[in-house]
2 protein chains.
Amino acid sequence: MTNTELLKGTLSTIILRMLSEHPRLYGYELTQLVKERSGDKILIKEGSLYPALHKLEADGLVTSEEVYIGKRVRRYYKLTEPGKKATLLSIEELRGFLKTIEDLILPFPGNYVPAK
Amino acid sequence: MTNTELLKGTLSTIILRMLSEHPRLYGYELTQLVKERSGDKILIKEGSLYPALHKLEADGLVTSEEVYIGKRVRRYYKLTEPGKKATLLSIEELRGFLKTIEDLILPFPGNYVPAK
DNA sequence: TTTCTATGCATCACAAATCTATGTATTAAA
DNA sequence: TTTAATACATAGATTTGTGATGCATAGAAA
């Protein structure tokens with residue numbers, strides 16, 4: 001990805017989020033979707049994507065299905081029922097985190113004055 | 001910290017941010033400040049903090065000074081001039097990242113409809 | 001007086017997540 | 001025919017933070 005370190009921990013949530021909008025997606029499609037939706041800012045690497053997808057599947061949050069397009073294989077992923085619940089929780093958690101960090105690095109008017 | 005994975009890459013920016021509000025801080029003080037300012041959500045561990053501070057110093061973004069309080073040692077850190085510049089950049093970058101992720105996991109009205 | 005808690009620094013072994021690099025293969029365009 | 005895009009996958013290296021541990025001072029509680 002572009003920012004490397006900062007993305008840690010957000011990838012699976014992003015994947016789940018994308019799958020919650022689309023009935024099914026395959027890996028490459030997912031990277032393109034995220035790339036497009038982020039204005040080319042988040043470029044998911046294959047070396048990150050596939051392990052992440054495999055882990056989500058191993059955890060029972062998604063299922064996959066191979067589809068042949070001519071001779072080329074595609075592996076479509078979709079959310080399971082537990083996966084849908086996990087998605088909501090995961091997004092909630094990420095959002096809370098973002099809020100926390102934002103508040104922390106907020107620009108203060110002048111200098112910060114700690115509470116007495 | 002509380003969320004472990006999500007914090008990756010944000011720690012040094014948080015430290016720099018705190019130092020930009022206070023002329024100088026020592027390690028323990030910093031953890032308490034962040035704990036307080038985050039509503040007990042971000043608890044910086046010693047195993048994260050001190051290596052991070054040492055790295056910032058090695059990179060020339062902060063300088064430190066030992067101060068004895070009775071027999072007890074404190075090591076105060078403050079921003080260098082390059083550190084001040086780096087702080088601005090670092091915060092800018094983090095903020096951009098937060099915005100990008102937020103937009104990506106935004107709750108859509110109904111289902112997302114990709115642009116044609 | 002002893003013991004617990006807080007203060008205060010530090011380092012090491014480990015785990016988790018992602019990246020880089022690499023590999024294989026199909027397909028379409030130049 | 002060569003390049004770029006599509007499409008999957010894995011191995012090894014790197015980064016970052018955590019947990020555990022160690023050492024020591026200081027104040028409060030018991």
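For the numbers below, each heavy atom of this structure counts, side chains included, while hydrogens, waters and symmetry mates do not. Naming: A, B, ... by sequence-line order, numbering from 1 per chain. Since the structure is predicted, the reported quantities are computational estimates derived from the model, not experimental observations.
Among the nucleotides dT21(D), dA7(D), dT18(C), the one closest to the side chain of E46(B) is dT21(D). Closest contact between the side chain of R75(A) and the listed nucleotides dA10(C), dT20(C), dA9(D) involves dA9(D). When distances are taken from the side chain of K71(B) to each of dA26(D), dA7(D), dA10(C), the shortest belongs to dA26(D). In this structure, the nucleotide among dA7(D), dA9(D), dT20(C) sitting nearest to the side chain of K45(A) is dT20(C).
Distances shorter than 4.0 Å separate none of the side-chain N or O atoms of H54(B) from OP1 or OP2 on dC9(C). In this structure, Y26(B) reaches the dG8(C) phosphate: one of its side-chain N or O atoms is under 4.0 Å from OP1 or OP2. Contact annotation: Y50(A) reaches the phosphate of dC8(D) (side-chain N/O to OP1 or OP2, under 4.0 Å).
Distance, I44(B) CD1 to dG19(D) P: 14 Å, rounded to whole Å. Put simply, CG on L11(A) is 20 Å from P on dT15(D), counting in whole angstrom units. Between the P atom of dG8(C) and the CG atom of L53(B) lies a distance of 14 Å, rounded to the nearest Å. The interatomic distance linking L30(B) (CG) with dG8(C) (C1') rounds to 13 Å, in whole Å. In this structure, the CD atom of E66(A) is 14 Å from the C1' atom of dA25(C), given to the nearest Å. Distance R24(A) CZ to dA7(D) C1': 15 Å, rounded to the nearest Å. In this structure, R74(B) atom CZ and dA6(C) atom C1' are separated by 12 Å, rounded to whole Å.
With contacts defined as side-chain heavy-atom distances shorter than 4.5 Å, the pair L79(A)/S20(A) qualifies. Proximity of V67(A) to I69(A): side-chain heavy atoms (C-beta onward) are separated by under 4.5 Å at one or more points.
No salt bridge links R75(B) with E29(B); every basic N to acidic carboxylate O contact stays at or beyond 4.0 Å.
Residue contacts for E29(B): at a heavy-atom cut-off of 4.0 Å it reaches no nucleic acid atom on any strand shown. Heavy atoms of G27(B) sit under 4.0 angstrom from primed sugar atoms or phosphate atoms, though from no base atom.
Annotation: E102(A), atom CD; neighbour count of heavy atoms from other residues, nucleotides and ligands within 6.0 Å is above 12. Within 6.0 Å of atom CD in E92(A), 12 or fewer heavy atoms from other residues, nucleotides or ligands are found, so the atom counts as exposed in its surroundings.
Summary of the strand contacts: Y77(B) and S12(A) both lie near DNA chain C, and taking for each the nucleotide with the nearest heavy atom, the more 5' one is attributed to Y77(B). With the nearest nucleotide of DNA chain C identified for both L49(B) and A52(A), L49(B) has the one nearer the 5' end.
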